[in-house]
Structures are given as C-alpha cells and as structure tokens.
Amino acid sequence: MSQNRRSAGLQTVLERVAVMLAGRACSRLTHALAAKVSRSTLLRLIRRLQGPETSTPRVLGIDDFALRKGHNYGTILLGIETRQPVDLLPDRTTATVARWLAGHPGVEVICRDRSTAYAEAGRLGAPNAVHVADRWHIRSNLAQAVEKTVVQHRALLREPQDTTTAAAAEALEGLDLDLAPAGPRTTGRLSDRVREQHDAVHALLEQGIAMREIGRRLGLARNTVRRYAHAASADELLVGRWTSRTSILDPHKPYLHQRWAEGCTVARRLFEEVRERGYPGGENVVKVYVAKLRADFPPTPPRKAPSVRDVTSWLTRHPDRLTDDQAHQLKTILARCPALDRTAHHVHGFAELMNDRQGKHLDQWIT
C-alpha cells in the first residue's frame, strides 16, 4: 500500500505501531488489520519520523551501554530532571563526550559514575559543571567494596567442620552394631541342619533311647547329643552359635565411626583405610557393617557454604528482605568474623545516610 493511498489517520496508526513493535511483528499485525504493509516499509516510516525536540538539560546523566559486551560500548545522555534520553554517542571516549558537552552549553550538574574518561570529558567540555555520583553507582561501588572484604575472609564463611563432625561422632559413640542378626537364624543350610538334628534327638529321647545309642544312630558326638538334649528348642542353640561373638572388625569400629561422622560413607574406601591400619579381614565384612551404619545413621550431605556473592548480597540488602534461613546464616557468619560484623555495621550506617539523605553526617561516617 503506497503512502499516497493511505489516509492521514492510517499513516499515524502505522507510525505509532511501528515504533512500538518494529518491523516484522508490526507487519504481521497489519495483515490482521487488513492493511498489509511490509516490514521494510514500516522501518522506512520509523526512519522518517522526526525525533522529539530536546533542550540541553541542566542536570545531565552520563553512562555507558554495551553494543557488544566486552568489545564495543556507546554513551547515553539523559536529562535527570525529565528522566528522558537526550542523545546517544557512538563510543565512550573522552573526546566524543567532551565535544558534545562543548556543543551543548548549559549543563550545570553532571551525574556520572567514577569513570576517569567521563570526568576528564566534563572538565574539558563543561568546566563549570559540578560532578556528582548517582545513588545506583554509589550502591554499586559499596557492593564492590563489601565483596572485596568478604573475599578476604572467605575461609570463615563455611561452618567449622568440627561442629558437625563432633555431633555425628557423639551420636555414634558407644555404638556396637552386630554383624549378625540379633535373633536366631531361621533360614540357611546350617540352621536347617541344627533344627533337624534337634528334633531327631528329642524324638529318640521320648522313645527311651540312651544318648550313646542316639549318637550312634545319628552319627553325632556324645557331647553334641547332650547339648541338643538340654536345649528346649533349636532357637537356643542358634542364638548361642551366632550371637555375642567378637569380630575381627571390633578394634577398627571406632575409626569407622569417626570416618562415618566425617562424611566418608564409601565401603571400599573405608575398607582400604582400615586395611592400612592393620585390619586382617575381607572387604565383605566391612561392606556389611557399612550397610548397617547406612541403615541406622543415614549420611547427611554437608551443607553447602554460602558463596562470596551470597554473603555480599545479604550484607548489602535490607534486613527485612532476608529469609529466616539467610538471616540465621548471616548472623552465624558475623559471629565468627568480627571484620565482617564491622562491615555490616558500616553498610547499614551508610544505607541510612542515603535513604534519609543525611549527607551532612558523611564525614562522621567516613571517620
């Protein structure tokens, strides 16, 4: 649709929609509105638009922005009082900014970051202007200073390992997990044989047969027959056979408990460690004992220590915006590190100066 076939109202609508949606999206919308216009035409409409008339602001904000982060940067100029952009510059060099300031007299206050390039540009292009820092950059500089302090004391961010280890070791103190079941075995080849022999001995005893003859018939020693005869049930024999026995692992159990409390829960690694300490047995005994430890004392993974960025954020954030867990972690860290505790006090004091605009107390805070 050519321009001479559009009404003034349609032309205005296309210009406004093109500014809001740009070329491709706006072109799709015009198809739905039965006023088909290509994206190239819409972009031409945008280019023909006259920019708003701007005057040189009394308070000028200067900051850089990335065209390609880490490579190409431009400069944006804003009117602080109107909160509207004034101009865009193709780079952030001193010469470019100074040239713009010289060509636009009337700037009384320059609000900028701590860039030396912008400071020199202001000195050359607007020598009478007062330089101030905006609150966002001040807070950013404060956060950077806090982060450097936190980095210096990052070793104190993690909770002392001895605390968790001591608590787990106390829970394991005096622990004696038997490798065998607490009760009599109910299955297994040896268990079945004992039960059969016990029943056979008592059956022959009820018939009035002497123990010597029972031993001859069953192929058992006389002492074995006597033990079966004196046992009221086979369970008594099985309990006596497999429980309350010492294990070759017993001397090494305290060490296993200590390593388990420290977070080492891999049976193979524990076996290698106790073998180096003189354990003469096989790996399977250690595996069985570790399985019982895992069942009775499930390992809890160590709590991840807060990062430098986390602690920096907690220190520079309003206390009311911290969760209960974050506030608790920060409190324990400050209790361990007096330097960070002092830092938190200074940060809160500075935040009050900024929020309440008490610049007259800045010198006292600095001192």
Notebook entry, point to check: Do L60 and V132 share a hydrophobic cluster, counting only Ile, Leu, Val, Met, Phe, Trp and Tyr and linking them when any side-chain heavy atoms are less than 4.5 Å apart?
Noted result: no
Check: Do you reckon V130 sits in the same ILVMFWY cluster as V59, going by side-chain contacts under 4.5 Å, direct or chained?
Finding: yes
Heavy-atom closest contact ([X] atom, [Y] atom, distance):
X	Y	result
S115	R112	O-NH1, 3.6 Å
L124	A98	CB-CB, 4.1 Å
T56	G106	CG2-C, 4.4 Å
M211	A229	CE-CB, 3.7 Å

Check: After noting the C-alpha distance and the side-chain angles of Y279 and E273, does the key distance pass the side-chain hydrogen bond (donor to acceptor under 3.5 Å, both in side chains) rule?
Finding: CA-CA 9 Å; Y279 169 65; E273 291 182 9; over 6 Å; no
Note to self: With a 6.0 Å cut-off (strictly less than), is the heavy-atom count around NE2 of H348, excluding the residue itself, greater than 12?
What the structure shows: yes
Any side-chain donor-acceptor pair under 3.5 Å between [X] and [Y]?
X	Y	answer
H252	R277	no
H137	D134	yes
T312	R309	no
D310	S307	yes

Checklist line | S27 and L42: CA distance, side-chain angles, deciding distance, side-chain contact (heavy atoms from CB on, under 4.5 Å) verdict | finding: CA-CA 7 Å; S27 178; L42 293 168; 4.1 Å; yes
Next item on the list: Return the orientation label for the H202 and H198 ring planes: parallel under 30°, perpendicular over 60°, tilted otherwise.
Entry: tilted
Notebook entry, point to check: Given E283, which of R275, R269, R268 fulfils the salt bridge (Lys or Arg N to Asp or Glu O under 4.0 Å) condition?
Noted result: R268
Mind listing the side-chain donor-acceptor pairs of residues 351-362 below 3.5 Å, one per line with the distance, residues two or more places apart or on another chain?
from, atom 1, to, atom 2, distance (Å)
N355, OD1, R139, NH2, 2.8
N355, ND2, A351, O, 3.2

Checklist line | Side-chain ion pair, R123 and E120, N-O less than 4.0 Å | finding: yes
Item checked: Partner residues of R217 under the salt bridge (charged side-chain N to carboxylate O under 4.0 Å, His left out) criterion, sequence neighbours left out -> E213
Item checked: Pairing residues for A335 by the side-chain contact (heavy atoms from CB on, under 4.5 Å) criterion, not counting sequence neighbours -> none
Note to self: Is there a side-chain contact between R83 and L78 in this structure, where contact means two heavy atoms from C-beta onward sitting under 4.5 Å apart?
What the structure shows: no
Checklist line | Contact check, side chains of V347 and V146, non-hydrogen atoms, under 4.5 Å | finding: yes
Margin query: Does R92 qualify as a cation-pi partner of Y118, given the criterion of NZ or CZ under 6.0 Å from the six-membered ring centre and within 45 degrees of its axis?
Written below: no
Item checked: Verdict with supporting geometry, D91 and T96, side-chain hydrogen bond (donor to acceptor under 3.5 Å, both in side chains) -> CA-CA 7 Å; D91 55 49; T96 301; 2.8 Å; yes
